Amino acid sequence: MQVLLVTVVVAGCVVFAYVSAGQQAKETARRQTTAVTTAVADSPAVIAAARTADPTAVLQPYTERLRRDAGVDFVVIMAPDGTRWTHPEPDAIGRKYLGHTARALRGETFAETHPGVLGPSVRVIAPVRDHAHGDRVTALVSSGITIATISEQLRDQVLALVAVATAALALGGLGTYVINARLRRHTHGMNAAELSRMHDYHQAALHAVREGLLMLDGQRRISLLNDGARELLGVRGGVVGRPVAELGLPAPLAAALTAPGPLRDELHLTDERVLVVNSAPVSGGERRGSVITLRDHTELQALSGELDSVRGFAEALRSQAHEAANRLHTVVSLIELGRADEAVEFATAELELAQALTDQVVGAVAEPVLAALLLGKAAQANEHGAELVLSADSRIDDGLLPPHLPARDLVTVVGNLIDNALDAAAPDATSGAAPPRTDDPGGPAAPPRVTVTARSEGGELLLCVADNGPGVPEESAAEIFRRGWSSKRPVAGAPGRGRGLGLALVRQAVRRNGGTLTLDRAPEGGARFTVRLPLRDTTDGGTV
(Lines give C-alpha, C1' and ligand atoms only; values in the text may rest on other atoms or scores of the structure.)
Protein backbone atom coordinates (compact mmCIF):
# COMPACT_ATOMS: atom_id res chain seq x y z
CA MET A 1 0.00 0.00 0.00
CA GLN A 2 2.83 2.38 0.83
CA VAL A 3 4.61 1.63 -2.48
CA LEU A 4 1.35 2.15 -4.36
CA LEU A 5 0.78 5.44 -2.56
CA VAL A 6 4.30 6.65 -3.37
CA THR A 7 3.83 5.63 -7.01
CA VAL A 8 0.53 7.51 -7.32
CA VAL A 9 2.00 10.62 -5.69
CA VAL A 10 5.10 10.59 -7.91
CA ALA A 11 3.05 9.93 -11.06
CA GLY A 12 0.72 12.79 -10.21
CA CYS A 13 3.67 15.09 -9.64
CA VAL A 14 5.20 14.03 -13.00
CA VAL A 15 1.97 14.73 -14.90
CA PHE A 16 1.56 18.08 -13.20
CA ALA A 17 5.19 19.01 -13.85
CA TYR A 18 4.90 17.93 -17.53
CA VAL A 19 1.76 20.00 -18.14
CA SER A 20 3.25 22.97 -16.31
CA ALA A 21 6.52 22.66 -18.25
CA GLY A 22 4.62 22.56 -21.61
CA GLN A 23 2.65 25.67 -20.76
CA GLN A 24 5.74 27.40 -19.48
CA ALA A 25 7.68 26.50 -22.68
CA LYS A 26 4.95 27.96 -24.86
CA GLU A 27 4.79 31.09 -22.73
CA THR A 28 8.57 31.46 -22.96
CA ALA A 29 8.43 31.06 -26.76
CA ARG A 30 5.69 33.68 -26.97
CA ARG A 31 7.67 36.22 -24.93
CA GLN A 32 10.83 35.49 -26.95
CA THR A 33 9.14 35.92 -30.33
CA THR A 34 7.31 39.04 -29.11
CA ALA A 35 10.62 40.65 -28.26
CA VAL A 36 12.14 39.73 -31.66
CA THR A 37 9.08 40.80 -33.65
CA THR A 38 8.68 44.20 -32.00
CA ALA A 39 12.42 44.86 -32.28
CA VAL A 40 12.35 44.14 -36.05
CA ALA A 41 9.18 46.20 -36.57
CA ASP A 42 10.75 49.20 -34.87
CA SER A 43 14.07 48.92 -36.75
CA PRO A 44 14.78 51.97 -39.01
CA ALA A 45 16.54 49.66 -41.47
CA VAL A 46 13.37 47.67 -41.98
CA ILE A 47 11.29 50.83 -42.40
CA ALA A 48 13.76 52.14 -44.97
CA ALA A 49 13.92 48.82 -46.84
CA ALA A 50 10.12 48.72 -47.09
CA ARG A 51 10.26 51.88 -49.22
CA THR A 52 12.61 50.32 -51.79
CA ALA A 53 11.62 48.45 -54.92
CA ASP A 54 13.44 45.23 -53.80
CA PRO A 55 13.17 44.86 -50.02
CA THR A 56 14.26 41.19 -50.15
CA ALA A 57 17.82 42.06 -51.15
CA VAL A 58 18.33 44.08 -47.97
CA LEU A 59 16.09 42.26 -45.49
CA GLN A 60 16.81 38.55 -46.25
CA PRO A 61 20.43 38.62 -44.95
CA TYR A 62 19.32 40.75 -42.00
CA THR A 63 16.48 38.42 -40.92
CA GLU A 64 18.59 35.26 -41.27
CA ARG A 65 21.32 36.73 -39.12
CA LEU A 66 18.73 37.87 -36.59
CA ARG A 67 17.01 34.46 -36.60
CA ARG A 68 20.25 32.69 -35.70
CA ASP A 69 21.21 35.25 -33.06
CA ALA A 70 17.75 35.42 -31.42
CA GLY A 71 17.18 31.63 -31.37
CA VAL A 72 13.89 31.63 -33.24
CA ASP A 73 12.92 29.37 -36.13
CA PHE A 74 11.85 32.09 -38.57
CA VAL A 75 11.63 35.85 -39.08
CA VAL A 76 9.33 36.81 -41.94
CA ILE A 77 8.88 40.36 -43.24
CA MET A 78 6.04 40.77 -45.69
CA ALA A 79 4.13 43.36 -47.63
CA PRO A 80 0.79 44.54 -46.27
CA ASP A 81 -0.95 42.15 -48.68
CA GLY A 82 0.91 39.18 -47.18
CA THR A 83 3.59 38.67 -49.83
CA ARG A 84 6.75 37.40 -48.14
CA TRP A 85 9.93 39.45 -48.57
CA THR A 86 12.00 37.12 -46.33
CA HIS A 87 11.83 33.47 -45.24
CA PRO A 88 14.28 30.79 -43.95
CA GLU A 89 13.38 28.76 -47.05
CA PRO A 90 14.14 30.87 -50.16
CA ASP A 91 11.46 29.02 -52.18
CA ALA A 92 8.78 30.52 -49.90
CA ILE A 93 9.83 34.11 -50.70
CA GLY A 94 7.24 35.86 -52.87
CA ARG A 95 4.42 33.58 -51.72
CA LYS A 96 1.51 34.47 -49.48
CA TYR A 97 1.90 34.35 -45.70
CA LEU A 98 -0.22 31.52 -44.25
CA GLY A 99 -1.19 33.17 -40.92
CA HIS A 100 -3.67 35.85 -39.98
CA THR A 101 -2.79 39.50 -40.67
CA ALA A 102 -6.03 41.43 -40.23
CA ARG A 103 -5.35 42.55 -36.68
CA ALA A 104 -1.79 43.56 -37.57
CA LEU A 105 -3.06 45.68 -40.45
CA ARG A 106 -5.19 47.53 -37.90
CA GLY A 107 -2.03 48.32 -35.95
CA GLU A 108 -2.21 45.54 -33.27
CA THR A 109 0.58 43.17 -32.19
CA PHE A 110 -0.78 39.70 -31.36
CA ALA A 111 0.33 36.10 -30.89
CA GLU A 112 -1.15 32.90 -32.28
CA THR A 113 -0.39 29.25 -32.89
CA HIS A 114 -0.78 28.44 -36.55
CA PRO A 115 0.57 25.87 -39.05
CA GLY A 116 3.01 27.21 -41.57
CA VAL A 117 5.64 26.13 -44.03
CA LEU A 118 7.87 24.88 -41.21
CA GLY A 119 4.97 23.27 -39.38
CA PRO A 120 2.81 24.42 -36.46
CA SER A 121 4.45 27.24 -34.55
CA VAL A 122 3.94 29.83 -31.86
CA ARG A 123 4.26 33.17 -33.64
CA VAL A 124 3.83 36.90 -33.02
CA ILE A 125 2.76 39.36 -35.78
CA ALA A 126 3.42 43.12 -35.57
CA PRO A 127 2.92 46.05 -38.01
CA VAL A 128 5.80 48.15 -39.38
CA ARG A 129 4.82 51.83 -39.21
CA ASP A 130 6.42 54.50 -41.38
CA HIS A 131 6.58 57.52 -39.10
CA ALA A 132 7.63 59.75 -41.98
CA HIS A 133 4.30 59.09 -43.76
CA GLY A 134 1.89 59.47 -40.84
CA ASP A 135 2.47 56.06 -39.18
CA ARG A 136 1.14 54.22 -42.19
CA VAL A 137 1.54 50.42 -42.07
CA THR A 138 4.05 49.72 -44.79
CA ALA A 139 4.94 46.12 -43.86
CA LEU A 140 4.27 43.29 -41.44
CA VAL A 141 6.77 41.25 -39.32
CA SER A 142 6.19 37.74 -38.05
CA SER A 143 8.65 35.63 -36.02
CA GLY A 144 8.04 32.31 -34.34
CA ILE A 145 9.26 29.06 -32.82
CA THR A 146 7.90 25.79 -34.10
CA ILE A 147 6.09 23.34 -31.86
CA ALA A 148 8.74 20.76 -32.77
CA THR A 149 11.45 22.97 -31.29
CA ILE A 150 9.38 23.56 -28.16
CA SER A 151 8.73 19.81 -27.87
CA GLU A 152 12.42 19.09 -28.20
CA GLN A 153 13.20 21.47 -25.36
CA LEU A 154 10.38 19.97 -23.33
CA ARG A 155 11.70 16.48 -24.05
CA ASP A 156 14.95 17.29 -22.29
CA GLN A 157 13.03 18.56 -19.27
CA VAL A 158 10.84 15.47 -19.28
CA LEU A 159 13.90 13.20 -19.29
CA ALA A 160 15.25 15.03 -16.23
CA LEU A 161 11.80 14.84 -14.63
CA VAL A 162 11.57 11.10 -15.28
CA ALA A 163 15.02 10.63 -13.77
CA VAL A 164 13.95 12.50 -10.64
CA ALA A 165 10.68 10.53 -10.47
CA THR A 166 12.55 7.23 -10.85
CA ALA A 167 14.92 8.23 -8.04
CA ALA A 168 11.93 9.19 -5.87
CA LEU A 169 10.26 5.84 -6.52
CA ALA A 170 13.49 4.01 -5.75
CA LEU A 171 13.95 5.92 -2.49
CA GLY A 172 10.29 5.41 -1.60
CA GLY A 173 10.54 1.69 -2.29
CA LEU A 174 13.76 1.40 -0.30
CA GLY A 175 12.28 3.37 2.58
CA THR A 176 9.19 1.17 2.52
CA TYR A 177 11.33 -1.96 2.62
CA VAL A 178 13.42 -0.66 5.53
CA ILE A 179 10.37 0.47 7.51
CA ASN A 180 8.57 -2.80 6.82
CA ALA A 181 11.60 -4.85 7.88
CA ARG A 182 11.99 -2.87 11.09
CA LEU A 183 8.28 -3.03 11.84
CA ARG A 184 8.23 -6.80 11.39
CA ARG A 185 11.30 -7.12 13.56
CA HIS A 186 9.60 -5.17 16.35
CA THR A 187 6.30 -7.04 15.94
CA HIS A 188 8.04 -10.42 15.62
CA GLY A 189 6.71 -10.93 12.11
CA MET A 190 3.05 -10.47 13.03
CA ASN A 191 0.73 -8.63 10.69
CA ALA A 192 -2.05 -6.24 11.64
CA ALA A 193 -4.69 -8.96 12.10
CA GLU A 194 -2.41 -11.02 14.32
CA LEU A 195 -1.50 -7.96 16.38
CA SER A 196 -5.17 -7.08 16.81
CA ARG A 197 -6.01 -10.63 17.90
CA MET A 198 -3.11 -10.70 20.35
CA HIS A 199 -4.20 -7.34 21.77
CA ASP A 200 -7.71 -8.73 22.37
CA TYR A 201 -6.28 -11.80 24.14
CA HIS A 202 -3.93 -9.54 26.10
CA GLN A 203 -6.78 -7.35 27.35
CA ALA A 204 -8.93 -10.35 28.22
CA ALA A 205 -6.09 -11.99 30.15
CA LEU A 206 -5.30 -8.80 32.07
CA HIS A 207 -8.88 -8.42 33.25
CA ALA A 208 -9.41 -12.13 33.93
CA VAL A 209 -6.30 -12.84 36.02
CA ARG A 210 -6.85 -12.38 39.76
CA GLU A 211 -3.24 -11.60 40.59
CA GLY A 212 -1.96 -8.05 40.32
CA LEU A 213 0.16 -7.25 37.29
CA LEU A 214 2.17 -4.04 37.15
CA MET A 215 4.53 -2.91 34.38
CA LEU A 216 6.97 -0.03 34.79
CA ASP A 217 9.00 1.73 32.11
CA GLY A 218 12.66 2.73 32.37
CA GLN A 219 11.76 5.92 34.30
CA ARG A 220 9.79 3.94 36.92
CA ARG A 221 6.49 5.18 35.57
CA ILE A 222 3.45 2.94 35.34
CA SER A 223 2.96 1.56 31.85
CA LEU A 224 0.25 -0.98 32.65
CA LEU A 225 -1.92 -1.80 35.64
CA ASN A 226 -4.58 -4.49 35.66
CA ASP A 227 -7.70 -4.66 37.80
CA GLY A 228 -6.09 -7.01 40.32
CA ALA A 229 -3.19 -4.63 40.93
CA ARG A 230 -5.56 -1.68 41.37
CA GLU A 231 -7.49 -3.59 44.03
CA LEU A 232 -4.42 -4.90 45.85
CA LEU A 233 -2.64 -1.53 45.89
CA GLY A 234 -5.81 0.43 46.59
CA VAL A 235 -5.29 2.95 43.76
CA ARG A 236 -8.06 4.66 41.84
CA GLY A 237 -8.33 6.78 38.73
CA GLY A 238 -5.90 7.17 35.87
CA VAL A 239 -2.43 6.25 37.11
CA VAL A 240 -0.84 5.11 33.85
CA GLY A 241 2.13 7.33 33.12
CA ARG A 242 2.57 8.43 36.73
CA PRO A 243 5.67 7.55 38.83
CA VAL A 244 5.25 4.91 41.52
CA ALA A 245 6.30 7.46 44.15
CA GLU A 246 3.08 9.43 43.51
CA LEU A 247 0.71 6.54 44.33
CA GLY A 248 0.87 7.09 48.10
CA LEU A 249 2.09 3.54 48.84
CA PRO A 250 4.07 2.65 51.98
CA ALA A 251 7.74 3.50 51.56
CA PRO A 252 9.05 -0.12 51.75
CA LEU A 253 6.52 -1.28 49.16
CA ALA A 254 7.28 1.65 46.83
CA ALA A 255 11.02 0.93 47.15
CA ALA A 256 10.43 -2.73 46.31
CA LEU A 257 8.37 -1.87 43.23
CA THR A 258 11.10 0.44 41.89
CA ALA A 259 14.04 -1.80 42.85
CA PRO A 260 16.38 -2.33 39.88
CA GLY A 261 17.07 -6.00 40.58
CA PRO A 262 14.67 -8.96 40.55
CA LEU A 263 12.59 -9.77 43.63
CA ARG A 264 11.30 -13.16 44.65
CA ASP A 265 8.42 -13.72 47.08
CA GLU A 266 9.01 -10.62 49.22
CA LEU A 267 6.34 -9.84 51.79
CA HIS A 268 5.15 -6.22 52.00
CA LEU A 269 2.30 -4.53 53.81
CA THR A 270 -0.26 -1.97 52.78
CA ASP A 271 -2.81 -0.49 55.15
CA GLU A 272 -5.14 -3.44 54.61
CA ARG A 273 -3.24 -6.27 52.94
CA VAL A 274 -0.16 -8.46 53.06
CA LEU A 275 1.30 -8.72 49.55
CA VAL A 276 3.81 -11.09 48.01
CA VAL A 277 5.89 -9.16 45.48
CA ASN A 278 7.84 -10.66 42.57
CA SER A 279 9.57 -8.61 39.90
CA ALA A 280 11.84 -9.16 36.93
CA PRO A 281 13.56 -6.54 34.76
CA VAL A 282 12.69 -6.24 31.07
CA SER A 283 15.88 -5.84 29.06
CA GLY A 284 16.63 -5.62 25.36
CA GLY A 285 19.99 -3.96 24.87
CA GLU A 286 18.91 -1.25 27.33
CA ARG A 287 16.79 -1.22 30.46
CA ARG A 288 13.16 -0.97 29.46
CA GLY A 289 11.52 -1.32 32.86
CA SER A 290 10.21 -4.20 34.93
CA VAL A 291 7.27 -6.58 35.26
CA ILE A 292 5.86 -6.98 38.77
CA THR A 293 3.33 -9.50 40.04
CA LEU A 294 1.38 -9.05 43.27
CA ARG A 295 -0.36 -11.81 45.23
CA ASP A 296 -2.71 -11.27 48.14
CA HIS A 297 -1.16 -13.01 51.14
CA THR A 298 -3.50 -11.57 53.76
CA GLU A 299 -5.71 -14.59 54.31
CA LEU A 300 -2.80 -17.00 54.08
CA GLN A 301 -0.79 -14.96 56.56
CA ALA A 302 -3.70 -14.93 58.98
CA LEU A 303 -4.13 -18.68 58.60
CA SER A 304 -0.39 -19.13 59.05
CA GLY A 305 -0.53 -17.17 62.29
CA GLU A 306 -3.46 -19.24 63.47
CA LEU A 307 -1.60 -22.41 62.54
CA ASP A 308 1.41 -21.26 64.56
CA SER A 309 -0.90 -20.63 67.51
CA VAL A 310 -2.48 -24.07 67.10
CA ARG A 311 0.98 -25.64 67.02
CA GLY A 312 1.88 -23.77 70.19
CA PHE A 313 -1.33 -24.95 71.82
CA ALA A 314 -0.61 -28.52 70.73
CA GLU A 315 2.87 -28.37 72.23
CA ALA A 316 1.42 -26.96 75.42
CA LEU A 317 -1.25 -29.68 75.54
CA ARG A 318 1.38 -32.34 74.91
CA SER A 319 3.44 -30.99 77.76
CA GLN A 320 0.41 -30.75 80.01
CA ALA A 321 -0.57 -34.29 79.14
CA HIS A 322 2.93 -35.38 80.15
CA GLU A 323 2.64 -33.42 83.40
CA ALA A 324 -0.84 -34.80 84.02
CA ALA A 325 0.48 -38.34 83.57
CA ASN A 326 3.25 -37.65 86.10
CA ARG A 327 0.75 -36.22 88.58
CA LEU A 328 -1.58 -39.18 88.04
CA HIS A 329 1.27 -41.58 88.73
CA THR A 330 2.01 -39.60 91.88
CA VAL A 331 -1.61 -39.84 93.04
CA VAL A 332 -1.71 -43.60 92.31
CA SER A 333 1.55 -44.14 94.13
CA LEU A 334 0.29 -42.24 97.20
CA ILE A 335 -2.83 -44.38 97.22
CA GLU A 336 -0.77 -47.58 96.95
CA LEU A 337 1.32 -46.41 99.90
CA GLY A 338 -1.85 -46.01 101.91
CA ARG A 339 -1.68 -42.22 101.98
CA ALA A 340 -5.11 -41.54 100.57
CA ASP A 341 -5.52 -38.21 102.32
CA GLU A 342 -2.29 -36.87 100.86
CA ALA A 343 -3.34 -38.15 97.41
CA VAL A 344 -6.70 -36.35 97.61
CA GLU A 345 -5.03 -33.14 98.83
CA PHE A 346 -2.45 -33.24 96.02
CA ALA A 347 -5.04 -33.86 93.26
CA THR A 348 -7.41 -31.21 94.63
CA ALA A 349 -4.66 -28.57 94.71
CA GLU A 350 -3.77 -29.18 91.06
CA LEU A 351 -7.41 -29.00 89.98
CA GLU A 352 -8.00 -25.80 91.95
CA LEU A 353 -4.95 -24.13 90.35
CA ALA A 354 -6.07 -24.95 86.81
CA GLN A 355 -9.71 -24.11 87.51
CA ALA A 356 -8.77 -20.78 89.12
CA LEU A 357 -7.06 -19.57 85.93
CA THR A 358 -10.00 -20.72 83.80
CA ASP A 359 -12.54 -19.07 86.09
CA GLN A 360 -10.55 -15.83 86.11
CA VAL A 361 -10.31 -15.62 82.33
CA VAL A 362 -13.89 -16.71 81.62
CA GLY A 363 -15.29 -14.50 84.38
CA ALA A 364 -13.48 -11.40 83.13
CA VAL A 365 -13.64 -11.96 79.36
CA ALA A 366 -17.01 -13.17 78.16
CA GLU A 367 -16.02 -12.80 74.50
CA PRO A 368 -15.44 -16.48 73.56
CA VAL A 369 -12.77 -15.94 70.91
CA LEU A 370 -10.65 -13.69 73.12
CA ALA A 371 -11.15 -15.94 76.17
CA ALA A 372 -10.06 -19.04 74.24
CA LEU A 373 -7.02 -17.16 72.93
CA LEU A 374 -5.98 -16.07 76.44
CA LEU A 375 -6.39 -19.59 77.86
CA GLY A 376 -4.33 -21.06 75.03
CA LYS A 377 -1.63 -18.41 75.44
CA ALA A 378 -1.57 -19.04 79.19
CA ALA A 379 -0.85 -22.72 78.56
CA GLN A 380 1.77 -21.76 75.99
CA ALA A 381 3.40 -19.34 78.44
CA ASN A 382 3.45 -22.00 81.14
CA GLU A 383 5.19 -24.33 78.68
CA HIS A 384 7.92 -21.69 78.21
CA GLY A 385 8.32 -21.19 81.94
CA ALA A 386 6.51 -17.85 81.96
CA GLU A 387 3.37 -16.59 83.65
CA LEU A 388 0.49 -14.99 81.77
CA VAL A 389 -1.54 -12.77 84.10
CA LEU A 390 -4.89 -11.13 83.41
CA SER A 391 -5.11 -7.82 85.28
CA ALA A 392 -7.79 -7.45 87.94
CA ASP A 393 -9.53 -4.58 86.17
CA SER A 394 -10.03 -6.56 82.96
CA ARG A 395 -13.66 -6.89 81.95
CA ILE A 396 -15.26 -7.55 78.55
CA ASP A 397 -18.92 -8.55 78.59
CA ASP A 398 -20.42 -10.80 75.95
CA GLY A 399 -21.85 -8.84 73.05
CA LEU A 400 -19.69 -5.80 73.75
CA LEU A 401 -17.64 -6.15 70.57
CA PRO A 402 -19.42 -4.58 67.56
CA PRO A 403 -19.92 -6.44 64.27
CA HIS A 404 -17.48 -4.17 62.44
CA LEU A 405 -14.58 -5.43 64.62
CA PRO A 406 -13.68 -8.86 63.17
CA ALA A 407 -12.67 -11.60 65.60
CA ARG A 408 -9.74 -12.44 63.30
CA ASP A 409 -8.31 -8.92 63.70
CA LEU A 410 -8.71 -9.23 67.47
CA VAL A 411 -6.81 -12.53 67.43
CA THR A 412 -4.11 -10.94 65.25
CA VAL A 413 -3.63 -8.00 67.62
CA VAL A 414 -3.73 -9.82 70.96
CA GLY A 415 -2.00 -13.00 69.78
CA ASN A 416 0.96 -11.24 68.21
CA LEU A 417 1.39 -8.85 71.12
CA ILE A 418 1.41 -11.75 73.61
CA ASP A 419 3.84 -13.73 71.45
CA ASN A 420 6.12 -10.71 71.25
CA ALA A 421 5.91 -10.21 75.03
CA LEU A 422 6.68 -13.91 75.68
CA ASP A 423 9.68 -13.72 73.37
CA ALA A 424 10.95 -10.71 75.32
CA ALA A 425 10.22 -12.04 78.83
CA ALA A 426 11.18 -15.71 78.28
CA PRO A 427 13.47 -15.87 75.22
CA ASP A 428 14.41 -19.18 73.65
CA ALA A 429 18.02 -20.25 73.76
CA THR A 430 18.46 -19.52 70.02
CA SER A 431 16.55 -16.24 69.93
CA GLY A 432 19.47 -14.03 70.80
CA ALA A 433 17.34 -11.78 73.03
CA ALA A 434 18.56 -10.45 76.33
CA PRO A 435 17.82 -12.50 79.48
CA PRO A 436 14.97 -11.51 81.80
CA ARG A 437 15.53 -8.33 83.75
CA THR A 438 16.32 -8.32 87.49
CA ASP A 439 14.53 -5.99 89.83
CA ASP A 440 17.65 -5.93 91.99
CA PRO A 441 20.94 -6.01 90.09
CA GLY A 442 22.43 -8.06 92.85
CA GLY A 443 19.47 -10.35 93.32
CA PRO A 444 17.93 -13.27 91.40
CA ALA A 445 16.20 -12.80 88.08
CA ALA A 446 12.51 -11.94 88.27
CA PRO A 447 10.22 -14.70 86.93
CA PRO A 448 9.09 -14.06 83.32
CA ARG A 449 5.68 -12.47 83.35
CA VAL A 450 3.27 -11.10 80.76
CA THR A 451 0.34 -9.00 81.96
CA VAL A 452 -2.74 -8.58 79.79
CA THR A 453 -5.41 -5.95 80.31
CA ALA A 454 -8.67 -6.05 78.33
CA ARG A 455 -11.59 -3.73 79.13
CA SER A 456 -13.92 -1.12 77.65
CA GLU A 457 -13.10 2.50 78.41
CA GLY A 458 -14.66 5.67 77.08
CA GLY A 459 -16.37 3.99 74.11
CA GLU A 460 -13.17 2.16 73.18
CA LEU A 461 -11.80 -1.34 73.63
CA LEU A 462 -8.55 -1.10 75.61
CA LEU A 463 -6.05 -3.92 75.11
CA CYS A 464 -2.75 -3.65 76.95
CA VAL A 465 0.08 -6.22 76.92
CA ALA A 466 3.12 -5.63 79.16
CA ASP A 467 6.14 -7.78 79.99
CA ASN A 468 9.01 -7.65 82.42
CA GLY A 469 11.66 -8.26 79.77
CA PRO A 470 14.56 -5.97 78.87
CA GLY A 471 12.29 -3.49 77.06
CA VAL A 472 12.74 -1.82 73.68
CA PRO A 473 15.82 0.40 73.15
CA GLU A 474 14.96 4.02 72.45
CA GLU A 475 16.82 3.95 69.14
CA SER A 476 14.61 1.05 68.00
CA ALA A 477 11.26 2.48 69.11
CA ALA A 478 10.60 4.08 65.70
CA GLU A 479 11.57 0.94 63.77
CA ILE A 480 9.88 -1.75 65.84
CA PHE A 481 6.65 -1.67 63.79
CA ARG A 482 8.48 -1.85 60.47
CA ARG A 483 8.24 -5.13 58.61
CA GLY A 484 11.48 -7.08 58.99
CA TRP A 485 12.51 -5.61 62.36
CA SER A 486 13.31 -8.26 64.95
CA SER A 487 15.42 -8.51 68.08
CA LYS A 488 15.92 -12.24 67.53
CA ARG A 489 19.02 -13.74 66.07
CA PRO A 490 18.23 -15.47 62.73
CA VAL A 491 17.70 -19.18 62.86
CA ALA A 492 20.29 -21.25 61.01
CA GLY A 493 19.10 -22.19 57.57
CA ALA A 494 16.44 -19.46 57.53
CA PRO A 495 18.16 -16.16 58.04
CA GLY A 496 15.46 -13.72 58.92
CA ARG A 497 12.74 -15.32 56.82
CA GLY A 498 9.34 -14.75 58.42
CA ARG A 499 10.82 -12.57 61.17
CA GLY A 500 9.61 -9.12 62.12
CA LEU A 501 6.09 -9.46 60.69
CA GLY A 502 3.97 -9.81 63.85
CA LEU A 503 4.07 -6.21 65.04
CA ALA A 504 3.67 -4.96 61.47
CA LEU A 505 0.49 -7.05 61.20
CA VAL A 506 -0.71 -5.64 64.52
CA ARG A 507 -0.24 -2.10 63.26
CA GLN A 508 -2.05 -2.98 60.03
CA ALA A 509 -5.03 -4.48 61.90
CA VAL A 510 -5.22 -1.48 64.26
CA ARG A 511 -5.18 1.01 61.40
CA ARG A 512 -7.76 -0.98 59.48
CA ASN A 513 -10.18 -0.72 62.40
CA GLY A 514 -9.53 2.98 63.09
CA GLY A 515 -7.65 2.43 66.34
CA THR A 516 -4.39 3.60 67.93
CA LEU A 517 -1.29 1.71 69.02
CA THR A 518 1.26 3.12 71.47
CA LEU A 519 4.47 1.81 73.00
CA ASP A 520 5.90 2.84 76.38
CA ARG A 521 7.76 1.34 79.33
CA ALA A 522 5.91 -1.01 81.67
CA PRO A 523 6.02 -0.52 85.44
CA GLU A 524 8.02 -3.76 85.71
CA GLY A 525 10.65 -2.40 83.32
CA GLY A 526 9.74 -4.11 80.06
CA ALA A 527 7.72 -2.94 77.07
CA ARG A 528 4.01 -2.11 77.20
CA PHE A 529 1.86 -2.01 74.08
CA THR A 530 -1.51 -0.28 74.37
CA VAL A 531 -4.20 -0.67 71.71
CA ARG A 532 -7.40 1.34 71.63
CA LEU A 533 -10.10 0.26 69.18
CA PRO A 534 -13.35 2.22 68.75
CA LEU A 535 -16.47 0.30 69.66
CA ARG A 536 -18.43 2.23 67.01
CA ASP A 537 -17.90 2.03 63.27
CA THR A 538 -15.47 4.66 61.93
CA THR A 539 -13.81 5.28 58.63
CA ASP A 540 -10.90 7.29 60.05
CA GLY A 541 -7.51 5.68 59.87
CA GLY A 542 -5.58 4.83 63.06
CA THR A 543 -2.29 6.17 64.32
CA VAL A 544 0.81 4.61 65.80
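Residue numbers start at 1 and run along the sequence shown. Fair warning: this is a prediction, and the values are worked out from it, not measured in the lab.
- The ring-ring contact (aromatic ring centres under 6.0 Å, His included) contacts involving residues 83-127 comprise H100-H114, where partners must be two or more places apart or lie in separate chains.
- In this structure T28 satisfies the side-chain hydrogen bond (donor to acceptor under 3.5 Å, both in side chains) test with no other residue, sequence neighbours excluded.
- Shortest non-hydrogen contact noted between E211 and N226 is O-ND2, 3.0 Å.
- Heavy-atom minimum distance, L253 versus V277: CD1-CG2, 4.0 Å.
- D73 pairs by the salt bridge (charged side-chain N to carboxylate O under 4.0 Å, His left out) definition with nothing, not counting sequence neighbours.
- Counting only distance, with no hydrogens or angles, the side chain of N278 and the backbone of D265 share a donor-acceptor pair below 3.5 Å.
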Show the atom names and distances, to 0.1 Å, of all donor-acceptor pairs under 3.5 Å that link a side chain in residues 166-182 to residues at least two apart or in another chain.
| from | atom 1 | to | atom 2 | distance (Å) |
| --- | --- | --- | --- | --- |
| T166 | OG1 | V162 | O | 2.8 |
| T176 | OG1 | G172 | O | 2.8 |
| R182 | NE | H186 | NE2 | 3.4 |

Less than 3.5 Å apart, which donor and acceptor atoms pair up between the side chains of residues 230-237 and the rest of the protein, not counting sequence neighbours?
| from | atom 1 | to | atom 2 | distance (Å) |
| --- | --- | --- | --- | --- |
| R230 | NH1 | G237 | O | 2.7 |
| R230 | NH2 | G237 | O | 3.4 |

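- Side-chain contact between I125 and R103 is absent, with no heavy atoms from C-beta onward closer than 4.5 Å.
- Residues Y62 and V75 fail the side-chain proximity criterion, which asks for heavy atoms closer than 4.5 Å.
- With sequence neighbours excluded, no residue satisfies side-chain hydrogen bond (donor to acceptor under 3.5 Å, both in side chains) with R242.
- Looking only at distances, no side-chain donor or acceptor of N420 sits under 3.5 Å from a matching main-chain atom of N416.
- Between T33 and S143, the shortest heavy-atom contact is O-OG, 3.1 Å.
- Using a 4.5 Å heavy-atom cutoff, the side chains of T86 and I93 are not in contact.
- Across all non-hydrogen atoms, the minimal contact from T52 to A49 is OG1-O, 2.6 Å.
- In terms of the side-chain hydrogen bond (donor to acceptor under 3.5 Å, both in side chains) criterion, residue partners of D227 (sequence neighbours excluded) are, by chain and number, H207.
- Identified under the salt bridge (Lys or Arg N to Asp or Glu O under 4.0 Å) test for residues 57-68, with sequence neighbours left out: E64-R67.
- Residues that satisfy the salt bridge (charged side-chain N to carboxylate O under 4.0 Å, His left out) test with D81, not counting sequence neighbours, are K96.
- Between atom CG of residue L294 and atom CG of residue L257 there is a gap of 6.5 Å, rounded to the nearest 0.5 Å.
- Here the shortest heavy-atom pairing between A256 and H268 reads CB-NE2, 3.4 Å.
- Here T101 pairs with nothing under the side-chain hydrogen bond (donor to acceptor under 3.5 Å, both in side chains) rule; sequence neighbours left out.
- Between the side chain of T37 and the backbone N or O of T34, no donor-acceptor pair lies under 3.5 Å.
- Within the 4.5 Å cutoff, no side-chain heavy atoms of M78 are placed close to those of T83.
- Side-chain atoms of L417 and L463, non-hydrogen and from C-beta on, never get closer than 4.5 Å to each other.
- Among residues two or more places apart in sequence or in another chain, the salt bridge (charged side-chain N to carboxylate O under 4.0 Å, His left out) test is passed with D42 by none.
- Across all non-hydrogen atoms, the minimal contact from T138 to A50 is OG1-CB, 4.0 Å.
- S142 places no side-chain N or O within 3.5 Å of a backbone atom of V76 that could act as its donor or acceptor partner.
- Sequence neighbours left out, the pairs with a member in residues 116-140 that pass salt bridge (Lys or Arg N to Asp or Glu O under 4.0 Å) are R51-D130.
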